[in-house]
Each structure stands twice: as structure tokens, then as C-alpha cells.
Amino acid sequence: MREVAIVGLGCTKFGEMWDKSFRDLFIEAGLMALEDAGMSGAQVEALYGGNMSSGIFIQQEHVGALIADYSGLISNNVPSTRVEAACASGGLALRSGIIAVASEYHDIVISAGIEKMTDIGAEKAMDALAAAADREWEAAVGATFPGLYAMMARAHMHEFGTTREQLAQVAVKNHYHGSMNPRAQFRNRITIDSVISSPLVADPLRLFDCSPITDGAAAVVLVPAERAREFTDTPIYVKAASQASDTISLHDRRSLTSIDATTVAADRAFKTARLERSNIDVAEVHDCFTIAEIMAIEDLRFFEKGRGGPATLAGDTAIGGKIPINTSGGLKACGHPVGATGIKQAVEIAEQLRGDAGKRQVEGAEIGLTHNVGGTGGTVVVHILAR
Ligand code: COA
């Protein structure tokens, strides 16, 4: 296997993009990434596109071909593959592209992610997302994603004494980070009181504990590390691309308060990268709900089990803290176009490592991590990137 580098980055603004179609969004992100790499589309050898549910959100399937067609790459008949792993579709598209380049099958690959979620109502969107759970044993009996994560939150509060304020502080911190991100869906700062008094969604989770429904796309250009300097002065090297699976149903898990696939994927990634947790300067983790970030920073072993809440309240995960988490604003404030999220996480970390993150720059960041979860943890993808 050869080393892989990211040489081009593209990401649209996230939000309710009613003036842009599905194809407008992925073309915008792809062109940005190609332009950033100083490359033409004719040089691209393969496409991997993360997308969870375009069949329900925009009644369009076969999006691999659609992406190749509308990006103009069909003239080269490039192989274009849709990758689906629920909310981890983007992370998996990134890992698929990395494997294609690392294995010497292709030299220049675009890994992208796209979701257009706001063209249908919230109720239908929530049902589309519920398809990432076990439809027969969870979704069909009303266990929506807010409901499933609410059960995890209650269990975590019971087992470790995690408080309502600690959960709220995840959202407060991520809205603060998002306020400095021009791409973020929500750029308003909020307080613990406003989280706790926002409308109840699934007890104990309230509106401001939830990631929103979002449109957006992101793309990265991957090349062999030895060719990276042909395209950029600031290549970002892939040190590990790791994936783990677990039961699709929450009720079949060993624990309600840990996502074991996160720990397994992270252990594999750190072993491949020959790095320690303490080497990570900045991380983007999957905060689809506030409890999800607390569990992620524990299961990634940045903090001991049960200490994620207190560490968040103490400011350890904010920019300037021990390990800044979700400098983009995370899924909570930057937004969560499910198929695009894993790629956006890589774009954010790459910008941090290039020193291009503007007001939200983590000083001296050299090594970063991304953590992307499908469903309640049936799929987890972890990447470690270095400058
Ligand atoms: N955080 C902050 N504000 C939010 C928000 C969120 N997550 N979701 C919506 N809002 C705001 C809207 O901007 C709107 O504000 P406005 O009135 O000032 O314009 C207001 O709240 C109402 O928005 P609306 O779209 O009517 O909300 P909704 O009730 O239809 O949906 C949720 C809210 C929480 C149910 C929806 O965002 C949701 O389902 N989130 C979870 C998504 C999910 O499960 N993703 C997969 C995770 S694995």
C-alpha cells in the first residue's frame, strides 16, 4: 500500500439551499476541490460519492452516474460509485477513494458527499433518516433517531451522572465554533439556558440538542503522496482510514452508553498511524445529538468513560482547550447533510492542518482526526490526517 495525500478541498455552504439543486451542489463542491488542486476534470480517474437517501429526499437514484454525467466526466467514462452507510456515507466515500489510490488502482480520485434534505417536510425527512435504524425492529415501532439517542442520553445520565447542563454545553460550544465558520448553517451563539428551554424533541433531548436537516456537498481530491507536490504546497497526508461495524439495532448492543465500533475503529486507526491519542491536535466528531459528542470523545478515548460531560463543561473541547472538538461547528451548528458530513469533516481538518481555518484556527495543529457514525453506531469510520 502506498501513502495517499489530499491535495484539493471543496465545500458548499450548508443550510436550506432552496435556490440550488442536488446537482448544483455537488458540481459546486467538486469544482472547488479541482480548482484548489489546480487540476482539470480530465485528470480525474474515479469518483466516489457518499449519499444516504436521494431516493427519498429527491426521488433520484443512480446518483453515481448522475454525478459523473453532470460534472462533465462522463466523456472519459470514469467509474463513478455511490457509497451508502447512512450518516457515515461521506466518511466511507473518503475511505473508498483512499483505498483506490493506496492500492495503486487509480492515481487521481475525487471522494465527495452530497445530500439535499430540505425539499421534503421534516416528518418525511425524519422517516427517511429512520431507515438507517432497523426498520422492522426499531423504526416501525416509532424509534426515530432523536428517540434512540434520547435513550442513550438517559442511560448515560443514569450511569455516569451526566447532567443536562453538560449536554447543553456541547451545543453552546459548537454554535460558538459555528459562529466563526462562514459555511455553517447556524452562526448564532446560544446559551445553556436557551438550550434547556428550547422545545422538547425526545426527552431529555431538546431542539438545540439536535443536528438540523441540511442541504450541502463537499469534495476532496486524493493522489499518491509522492505526487502531491505537483498539485499543492500544502498536502495533507492520510495516516489511517479505518472502519468498524456493529449491530444495526441499539437494543442488540453490549452497552447503551458506548458506541463500541468507535473504539474499535479508533484503535485500528491509531495502530496503523503509529500515533497516540495525545498526538491529536484537533478532531471533528459525529455530534448528531449533544449526547453523541460526549460519547464520541469518551469512546475515542480522549477522555475517560463518564468524563466527557465534565470535560466539555470545563472548556477542554473548545478552541483553546486541551483538544478542540468540532471547530467547524460540528453537525449541530455547521449542519448535517448526512451523505456529505464525513467529507466536510475531512475538509475542516485539512483546513486546520493547512493553517487556513481563519478565526477558528487551532494554533500549531499538525495532526487531526475525523469520526463519522452511521445510524446509532452500526458503521463507524475514523481517519487520521497529518500535514
Ligand atoms: N438546531 C437549532 N435550530 C433548529 C434546529 C436545530 N437542530 N432545527 C430547526 N431549527 C430551527 C429552524 O431554523 C427554525 O427556526 P426559525 O423558526 O427561526 O426559522 C425552527 O427551529 C423550526 O424549524 P423546523 O424546520 O420547523 O424544525 P422541525 O421541528 O421541523 O425539526 C428537528 C427540528 C430537531 C426535529 C429536526 O431538525 C431533526 O429531525 N433533527 C435531527 C436530524 C437527524 O436525526 N439526523 C440524523 C442523525 S443520526
Side-chain angles (χ1 to χ4, degrees), residues 14-18 50-53 56-57 84-91 113 115 117-134 138-139 142-153 167-168 170-179 184-191 194-216 248 250 259 261-262 285-293 295-296 326 329-342 344-345 371-381:
F14 280 11
E16 294 188 35
M17 316 291 278
W18 287 335
N51 174 256
M52 176 182 164
S53 204
I56 300 178
F57 288 125
E84 191 273 311
C87 307
S89 300
E115 208 78 55
M117 302 171 74
T118 67
D119 288 359
I120 57 176
E123 209 173 299
K124 205 164 173 206
M126 205 184 273
D127 188 56
L129 292 166
D134 187 322
E138 292 179 315
T144 60
F145 269 94
L148 291 164
Y149 276 92
M151 282 189 250
M152 295 170 165
L167 291 172
V170 172
V172 170
K173 184 259 303 170
N174 288 348
H175 271 251
Y176 169 63
H177 289 172
S179 73
Q185 180 164 0
F186 297 123
R187 298 195 63 193
N188 58 319
R189 297 186 185 182
I190 57 175
T191 62
S194 58
V195 179
I196 293 177
S197 59
S198 64
L200 193 61
V201 176
D203 190 43
L205 301 179
R206 292 176 175 271
L207 180 67
F208 287 2
D209 288 295
C210 303
S211 59
I213 306 293
T214 309
D215 304 326
I248 189 165
L250 188 58
I259 291 183
T262 291
V285 311
H286 199 95
D287 60 321
C288 49
F289 299 95
T290 49
I291 184 60
E293 178 169 314
M295 287 167 56
N326 285 329
L331 284 55
K332 172 69 206 74
C334 190
H336 185 25
V338 284
T341 283
K344 179 227 71 181
Q345 292 178 325
H371 163 257
N372 193 194
V373 177
T376 52
T379 302
V380 174
V381 188

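Both counts, for ligands and for their atoms, begin at 1 and track the order of listing. All residue numbers refer to positions in the sequence shown, counting from 1.
In this structure, atom 36 (C) of ligand 1 lies nearest to the protein heavy atom Ile213 CG1, 4.0 Å. The nearest heavy-atom contact from the protein to atom 45 (N) of ligand 1 is Leu129 CD1, 3.5 Å. With hydrogens left out, the protein atom closest to atom 3 (N) of ligand 1 is Phe186 CZ, 3.5 Å, a heavy atom. For atom 28 (P) of ligand 1, the closest non-hydrogen atom of the protein is Ala122 CB, 4.3 Å. Regarding atom 35 (C) of ligand 1, its nearest protein heavy-atom neighbour is Met126 CE, 3.5 Å.
Using a 4.5 Å cut-off on side-chain heavy atoms (C-beta onward), Cys210 and Val201 make contact. In this structure, Thr376 and Phe145 have side chains that are in contact, with non-hydrogen atoms separated by less than 4.5 Å. Using a 4.5 Å heavy-atom threshold, the side chains of Asp119 and Phe57 count as separate. At a threshold of 4.5 Å between non-hydrogen side-chain atoms, the residues Lys332 and Val170 do not count as touching. Taking the side chain as every heavy atom from C-beta outward, Asp209 and Ile291 never approach each other to under 4.5 Å. Contact annotation: the side chain of Met52 approaches that of Leu129 to within less than 4.5 Å [non-hydrogen atoms, C-beta and beyond].
Although no hydrogens or angles enter the test, the distance criterion places a donor-acceptor pair under 3.5 Å between the side chain of Ser89 and the main chain of Ala85. Put simply, the side chain of Asp215 never gets that close to the backbone of Glu16: no donor and acceptor are under 3.5 Å apart.
Geometrically, ligand 1 and Lys332 share a nitrogen or oxygen pair separated by less than 3.5 Å.
Note that atom 22 (C) of ligand 1 has no protein non-hydrogen atoms nearby, at separations under 4.0 angstrom. Closer than 4.0 Å to atom 48 (S) of ligand 1 lies at least one heavy atom of the protein. Counting protein heavy atoms under 4.0 angstrom from atom 43 (C) of ligand 1 gives one or more. For atom 25 (O) of ligand 1, the protein comes within 4.0 Å by no heavy atom at all. Proximity of atom 19 (O) of ligand 1 to the protein is not indicated, since no non-hydrogen protein atom lies closer than 4.0 angstrom. For atom 13 (O) of ligand 1, the nearest protein heavy atom lies closer than 4.0 Å. Closer than 4.0 Å to atom 16 (P) of ligand 1 lies none of the heavy atoms of the protein. By the definition of a contact as any protein heavy atom under 4.0 Å away, atom 1 (N) of ligand 1 is in contact.
Listed here is the closest heavy atom pair of Asp203 and Ala150: O-CB, 3.4 Å.
Residue contacts with ligand 1 for Leu207 involve both N, CA, C or O and side-chain atoms from C-beta outward (heavy atoms, distance under 4.0 Å). With a heavy-atom cut-off of 4.0 Å, Pro212 touches ligand 1 through backbone and side chain alike. For Cys87, every heavy-atom contact with ligand 1 shorter than 4.0 Å involves the side chain, none the backbone.
Under 3.5 Å, the side chains of His336 and Thr341 contain a donor-acceptor pair of N or O atoms. A donor-acceptor contact closer than 3.5 angstrom is absent between the side chains of Arg187 and Ser179.
Using a 4.0 Å cutoff on heavy atoms, His286 does not count as a contact of ligand 1.
Remark: Phe208 pairs with no residue by the ring-ring contact (aromatic ring centres under 6.0 Å, His included) rule, at least two apart or across chains.
Scanning Ala130, Ser211, Cys210 for the heavy atom closest to atom 40 (N) of ligand 1 points to Ser211.
A salt bridge links Lys173 and Glu293; the closest N-O separation between the charged side-chain nitrogens and carboxylate oxygens is under 4.0 Å.
Shown in contact with Cys288 at under 4.0 Å from a heavy atom are these atoms of ligand 1, numbered in order with element: 47 (C), 48 (S). Near Phe208, the atoms of ligand 1 lying under 4.0 angstrom from a non-hydrogen atom of the residue are 2 (C), 3 (N).
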